[in-house]
Amino acid sequence: MAKQQRASDASVKELRAFGLAYPGTTIKSPWPGHKDLAVNDKTFAYLTIEGEPFSISCRLPTSSHIALMLPFAKPTAYGLGKSGWVTAVFPDELPPIDLLKQWIDESYRAQAPKKLVAQLEPGPRPLSRHMPDIRTQLALGLVVQEPASKAAAKKSATKTSATKTSATKKPATKRK
């Protein structure tokens, strides 16, 4: 068990170091047992401390519905799950570090000011083998792409119905 805990502690340290590499990131400890990652005093990853069972919570506005299909993931407590926060708990196994780094990346981009996000490489980092990228998710039918707004949906519907109407309409004939 001690070997497992050391490996879990190493995972926590690696993820914390990864998160601290983002612009403007600091450690925030709002309560005992946590050293969370924050940007502009907004937490983007809740991480346990070394010596505790490993858990992490991140805000995943794009991929939370996919992440929640994973056996170790659940909506974050205290109502945060309604806002796309997902918690992963690994009491007896090592966490998938690559996947959790992608969660930290998505969460940072969701919480950080635009000027800090602009300093990063464009777009989210590619997802790991544990979770397919958005194009693959779309192809598999795991994600349904919705129109950006109701106005766009209405405009699209209007174009479609106008096209159908003009195609079925009889051409006007001149009367003499």
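Quick caveat: nothing in here was measured; it's all calculated off a predicted structure.
Atom CZ in Arg16 sits 8.5 Å away from atom CG in Asp36 (nearest 0.5 Å). A distance of 15.5 Å separates OG of Ser83 from OH of Tyr78, quoted to the nearest 0.5 Å. Expressed to the nearest 0.5 Å, how far OG of Ser55 lies from CZ of Phe72 amounts to 13.0 Å. The distance from the CG atom of Leu60 to the CH2 atom of Trp85 is 8.5 Å, given to the nearest 0.5 Å. Atom OG of Ser107 is separated from atom CD of Gln102 by 13.5 Å, given to the nearest 0.5 angstrom.
Minimum interatomic distance between Pro23 and Leu120 (heavy atoms only, all atoms of both residues): CD-CD2, 3.7 Å. Pairing each heavy atom of Leu100 with each of Pro95, the nearest pair is CD1-CB, 3.5 Å. Across Val86 and Ala67, no two heavy atoms sit closer than the pair CG1-CB, 4.3 Å. Between Ala110 and Arg59, the closest heavy-atom pair is O-NH1, 3.4 Å. The two residues Pro113 and Asn40 make their nearest non-hydrogen contact at CG-ND2, 3.2 Å. Contact detail for Gly51 and Asp9: the closest heavy-atom pair is N-OD1, 2.8 Å.
With a 4.5 Å cut-off on side-chain heavy atoms, Ile56 and Ile104 count as touching. Residues Lys28 and Lys35 are not in side-chain contact: their nearest non-hydrogen atoms beyond the backbone lie 4.5 Å or more apart. Residues Cys58 and Glu106 are not in side-chain contact: their nearest non-hydrogen atoms beyond the backbone lie 4.5 Å or more apart. Looking only at side-chain heavy atoms (C-beta outward), Ile49 and Val12 stay at 4.5 Å or farther from each other. Contact check for Tyr22 versus Val117: no side-chain heavy atoms found under the 4.5 Å cut-off. Looking only at side-chain heavy atoms (C-beta outward), Leu37 and Phe18 stay at 4.5 Å or farther from each other. Under the 4.5 Å side-chain criterion, counting only non-hydrogen atoms from C-beta, Leu15 is in contact with Phe54. Counting only heavy atoms from C-beta outward, the side chains of Phe90 and Pro96 approach each other to under 4.5 Å.
Under the 4.5 Å side-chain heavy-atom criterion for ILVMFWY residues, a single connected hydrophobic cluster contains both Phe44 and Leu20.
For the pair Asp105 and Arg109, the salt-bridge criterion is met [side-chain N within less than 4.0 Å of a carboxylate O].
Side chains of Thr76 and Thr87: a donor on one and an acceptor on the other come within 3.5 Å. Looking at Gln111 and Thr43, their side chains never bring a donor and an acceptor atom within 3.5 Å of each other.
By the 6.0 Å contact criterion, NZ on Lys74 is open, its count of non-hydrogen atoms from other residues, nucleotides or ligands being 12 or less.
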